[in-house]
Trainee: 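Okay, here's the structure, questions in a sec.
All values below come from the heavy atoms of this structure, side chains included, with hydrogens, waters and symmetry mates left out. Labels below follow one simple rule: chain letters A, B, ... track the order of the sequence lines, proteins then strands, and each chain is numbered from 1.
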Amino acid sequence: MSNEIRRNMALFPIGIVMKLTDLTARQIRYYEQHELVIPARTDGNQRLFSFNDVERLLEIKALIEKGVNIAGIKQMLKPVNRDSEEATVITEQTQAKRRELSDAQLHRMLKQQLTERRPGQVSLIQGELSRFFQ
DNA sequence: TTTCTGACA
DNA sequence: TGTCAGGA
């Protein structure tokens, strides 16, 4: 159950998400405008994405590459519920994602991509992810 | 330095 | 979508 909390815990800024998803900030913001993802906001109006947001963006990216437009994606992906406190609602979509991208795979992918960074910046990024490897 | 919004080629 | 401006 605590995994749900962790998966929905917003913690990375757009810069990290860009590397994780291979999307540009422009694209990510554009998708947000169209409500494909609703990242949390904190402090100075900065977007903070959770693991779920990242997975959602990867789904969007995959669909875009398949030639699906925004309208089409809106219909395929369930509308996002952003309850900062309420528990995560396990939607059919969520379960579908689990089948394709398990936690282990996601973690592995994250490690891989975040590891190929310059030695100096690695510590910072790993520090952000550390809470997920507890 | 990084991210944000708005706007235009 | 890319990119620049002007702020936070």
Trainee: On a heavy-atom basis, which atom in A:D53 and which in A:P39 lie closest, and how many Å separate them?
Mentor: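 Scanning both residues, the minimum pair turns out to be OD2-CA, 3.9 Å.
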Trainee: Just the rounded figure in Å: distance from C1' of B:dC4 to CD of A:Q27.
Mentor: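 So the CD-C1' distance, A:Q27 to B:dC4, works out to 17 Å.
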Trainee: Could you tell me which non-hydrogen atom of A:I60 sits nearest to which non-hydrogen atom of A:V37, and how far apart they are?
Mentor: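 The answer is CD1-CG1, 3.7 Å.
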Trainee: CE/A:M18 to CG/A:L23 distance, rounded to the nearest 0.5 angstrom?
Mentor: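 Here the interatomic distance stands at 9.0 Å.
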Trainee: For A:I28 and B:dT2, give me the distance from atom CD1 to atom P, rounded to whole Å.
Mentor: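 So the CD1-P distance, A:I28 to B:dT2, works out to 15 Å.
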Trainee: Between A:R26 and A:G44, who's closer to the 5' end of DNA chain B by nearest nucleotide?
Mentor: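 Final value for this comparison: A:G44.
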Trainee: With DNA chain C as reference, determine whether A:Q46 or A:Y30 sits nearer its 5' end, using the nearest nucleotide of each.
Mentor: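 Between the two, 5'-proximity favours A:Y30.
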Trainee: Roughly how many Å is it from CG in A:N45 to C1' in B:dT5, rounded to a whole number?
Mentor: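 Going from CG in A:N45 over to C1' in B:dT5 covers 9 Å.
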Trainee: Can you check whether A:Y31 has a side-chain N or O nearer than 4.0 Å to OP1 or OP2 of C:dT1?
Mentor: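 Yes.
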Trainee: In whole angstrom, give the distance that lies between atom CD1 of A:I16 and atom C1' of B:dT2.
Mentor: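 After rounding, the gap between these two atoms is 11 Å.
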Trainee: Atom CZ of A:R29 to atom P of B:dG6: distance rounded to whole Å?
Mentor: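 Between P of B:dG6 and CZ of A:R29: 12 Å.
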Trainee: Between P on C:dG2 and CG on A:L23, what's the gap in Å once rounded to a whole number?
Mentor: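 Spelled out: CG on A:L23 to P on C:dG2 is 10 Å.
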Trainee: Roughly how far, to the nearest 0.5 Å, is CD of A:Q27 from CG of A:D22?
Mentor: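 Separation between the atoms: 9.5 Å.
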Trainee: Among B:dT3, C:dT1, B:dC4, which is the nearest nucleotide to the side chain of A:I64?
Mentor: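 So the nucleotide nearest the side chain must be C:dT1.
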Trainee: Nearest 0.5 Å please: distance from the CD atom of A:E65 over to the CG atom of A:L63.
Mentor: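 It is 9.5 Å, given to the nearest 0.5 Å.
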Trainee: Whole angstroms only, please: what is the CG-P distance between A:D22 and C:dG2?
Mentor: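 To the nearest whole Å, that distance equals 12 Å.
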Trainee: Using only side-chain N and O atoms of A:R47, determine if any of them is under 4.0 Å from OP1 or OP2 of B:dT3.
Mentor: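 The answer is no; no side-chain N or O of A:R47 sits under 4.0 Å from OP1 or OP2.
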Trainee: Quick one: A:Q33 CD to B:dT5 P, roughly how many Å, whole number?
Mentor: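 After rounding, the reported distance stands at 8 Å.
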Trainee: Any strand is fair game: report the nucleotide pairing with C:dA8 by Watson-Crick or G-U wobble, both distances under 3.5 Å, or none.
Mentor: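 When the pairing criteria are applied, B:dT2 turns out to be the nucleotide that pairs with C:dA8.
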